[in-house]
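Note sheet for the following structure.
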Number of protein chains: 2
Amino acid sequence: MPRSSTRQHIVEVASDLFYRNGYNRTGINEVIAESGIAKATLYNHFRSKDEICIAYLQYKHEVFVKDIKAYCDTRPANGRQVLAIFDFLEAFFQDRDFNGCWCIKTVAEIPREDERIRKEIQKQKNQLINFIESLLMDIKDEDERRDTARQIYLLYESAVSESHLHQADWPITSAKAIASKIIG
Amino acid sequence: MPRSSTRQHIVEVASDLFYRNGYNRTGINEVIAESGIAKATLYNHFRSKDEICIAYLQYKHEVFVKDIKAYCDTRPANGRQVLAIFDFLEAFFQDRDFNGCWCIKTVAEIPREDERIRKEIQKQKNQLINFIESLLMDIKDEDERRDTARQIYLLYESAVSESHLHQADWPITSAKAIASKIIG
DNA sequence: GACAAAGTAGACAGATCTGTCTACTTTGTC
DNA sequence: GACAAAGTAGACAGATCTGTCTACTTTGTC
């Protein structure tokens with residue numbers, strides 16, 4: 001296996017385990033056993049478990065952005081296109097691998113001082129707000145567009161967390177209904 | 001110290017530590033050192049760390065319910081009284097001990113199989129929805145009242161998580177603005 | 001086919017952390 | 001003041017888990 005795909009393979013396996021079972025409850029030994037690689041190989045690609053955590057967050061975000069963009073692209077580019085993000089979430093929720101927001105989960109597990117991870121997560125959330133804003137180009141006033149994007153972002157985030165917490169999809173339909181009201 | 005207040009003392013100290021530094025990152029030894037009690041005393045009051053976790057969640061919820069009710073009671077009991085929950089949150093956010101939602105934090109840290117903790121958290125969230133509903137008695141239709149309570153609950157939850165995540169209060173003002181629009 | 005780079009299997013050091021147990025002391029009540 | 005209940009200080013077993021290191025093998029390239 002070429003070096004770059006070994007790294008990628010580790011990231012994918014670790015991501016699955018971290019997301020499913022939690023970062024602290026997934027040991028390095030589990031990652032290497034599941035990856036079928038030696039421990040020294042893992043530490044040849046990553047300096048520490050922390051570094052794998054960053055790669056995990058980036059990988060989840062990368063896949064998420066790709067998927068949600070592709071999903072929204074199938075809808076007509078009008079003022080209501082943004083509502084597609086809730087339909088995307090509904091599909092994600094129905095998937096048996098759904099386990100809430102990786103950012104929120106990870107932030108709860110790491111020490112508060114870990115600035116690298118905190119910054120990465122804030123970056124991801126800001127990119128999501130920007131993406132939502134890009135779907136709201138019907139709104140000509142820049143401040144209003146930004147405000148609306150933030151509001152829909154809040155609803156989306158809530159829908160993710162709460163559908164996971166309650167193990168039910170009413171938060172998704174409810175959030176979508178509010179978003180629909182907001183964009184008029 | 002009488003038995004009941006020893007127990008209460010442990011719960012308060014453990015709650016501070018769990019909420020501030022996280023459940024998994026707070027060891028039993030830290031709890032007893034901070035409480036100034038012996039380890040055997042702790043295990044005389046609680047069978048396991050897990051049991052302290054339940055007591056922690058219940059204690060945080062109890063204080064929260066008492067405080068938010070008292071806060072909302074100072075406002076006129078009209079259709080807009082429910083908006084006070086966002087002002088309450090704003091005050092809580094300004095407090096330097098604010099550290100997001102203890103339920104979300106704890107759920108992220110415990111194994112998925114821990115049903116007792118999961119049930120406790122769902123119970124707390126349902127009580128919050130019921131409390132919000134009790135502030136919406138202006139809405140006569142029962143289904144509509146329930147729906148609205150859930151919507152405002154989603155906004156409140158989002159405001160808690162996101163103000164913590166972004167270390168900024170715009171999620172609170174933004175969520176309040178949406179809630180205000182919903183109740184008309 | 002020589003050689004470097006990458007990978008292997010797993011022992012092990014060292015740092016956690018929970019929960020038990022021991023031998024003893026303090027406190028509160030009759 | 002006797003006695004039980006509650007608390008103390010801390011050793012220790014046993015179960016983690018991360019990251020290093022050793023001695024060796026495989027792979028890819030010139």
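Residue numbering restarts at 1 for every chain, and letters A, B, ... go by the order of the sequence lines.
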Expressed as a whole number of angstroms, how long is the span from [X]:[atom1] to [N]:[atom2]?
X: L42(A); N: dG7(C); atom1: CG; atom2: P; answer: 11 Å
X: N29(B); N: dA9(D); atom1: CG; atom2: P; answer: 13 Å
X: I37(A); N: dG19(D); atom1: CD1; atom2: C1'; answer: 14 Å
X: Y43(B); N: dA6(D); atom1: OH; atom2: C1'; answer: 18 Å
X: I10(A); N: dT18(D); atom1: CD1; atom2: P; answer: 15 Å
X: E51(A); N: dG19(D); atom1: CD; atom2: P; answer: 10 Å
X: H9(A); N: dA6(C); atom1: NE2; atom2: P; answer: 18 Å
X: I32(A); N: dT8(C); atom1: CD1; atom2: P; answer: 10 Å

### Query
When you match T41(B) and I28(A) each to their closest nucleotide on DNA chain D, which lands nearer the 5' end?
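Taking each residue's closest nucleotide, the earlier one in sequence belongs to T41(B).
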
### Query
In terms of the nearest nucleotide of DNA chain D, which residue is placed more toward the 5' end: A38(B) or D50(A)?
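Here A38(B) is the residue nearer the 5' end.
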
Would you say [Y] and [X] are linked by a side-chain donor-acceptor pair, where the criterion is simply a distance under 3.5 Å?
X: E51(A); Y: H45(A); answer: no
X: N130(A); Y: R146(A); answer: yes
X: E162(A); Y: Y153(B); answer: yes
X: Q8(B); Y: E12(B); answer: yes

Is [X] near enough to [N] that one of its side-chain N or O atoms lies under 4.0 angstrom from OP1 or OP2?
X: N44(B); N: dG7(D); answer: yes
X: H45(A); N: dG7(C); answer: yes
X: T6(A); N: dA6(C); answer: no
X: S48(A); N: dT18(D); answer: no

### Message
Is the terminal nitrogen or CZ of K49(B) (NZ for Lys, CZ for Arg) located under 6.0 angstrom from the six-membered ring centre of Y23(B) and within 45° of that ring's axis?
### Response
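Yes - K49(B) lies over the ring of Y23(B), closer than 6.0 Å to its centre and within 45° of its axis.
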
### Query
Got a minute to check which stems DNA chain D is part of, using Watson-Crick or G-U wobble pairs under 3.5 Å, three or more consecutive?
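In DNA chain D, stems of three or more pairs: C:1-30 with D:1-30.
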
Could you pull out every donor-acceptor pair under 3.5 Å between side chains of residues 80-97 of chain A and any protein atom, sequence neighbours left out?
unit_1 : atom_1 : unit_2  : atom_2 : d
R80(A) : NH1    : G184(A) : O      : 3.1
R80(A) : NH2    : S180(A) : OG     : 2.8
Q81(A) : NE2    : C72(A)  : O      : 2.9
D87(A) : OD1    : K176(A) : NZ     : 2.9
D87(A) : OD2    : R75(A)  : NH1    : 3.0
D87(A) : OD2    : R75(A)  : NH2    : 3.1
E90(A) : OE2    : Q94(A)  : NE2    : 2.7
D95(A) : OD1    : D97(A)  : N      : 2.8

### Task
Identify whether any heavy atom of S35(A) sits under 4.0 Å from a base atom; if not, whether one sits that close to sugar-phosphate; answer base, sugar-phosphate or nothing.
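The answer is nothing, as S35(A) stays clear of every strand by at least 4.0 Å.
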
### Message
Using a distance-only criterion (donor-acceptor N/O pair, under 3.5 Å, no hydrogens), is the base of dG10(C) paired with the side chain of K39(A)?
### Response
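Side chain to base: no pair below 3.5 Å.
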
### Query
Should E115(B) and R118(B) count as an ion pair when the cut-off is N to O under 4.0 Å?
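No.
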
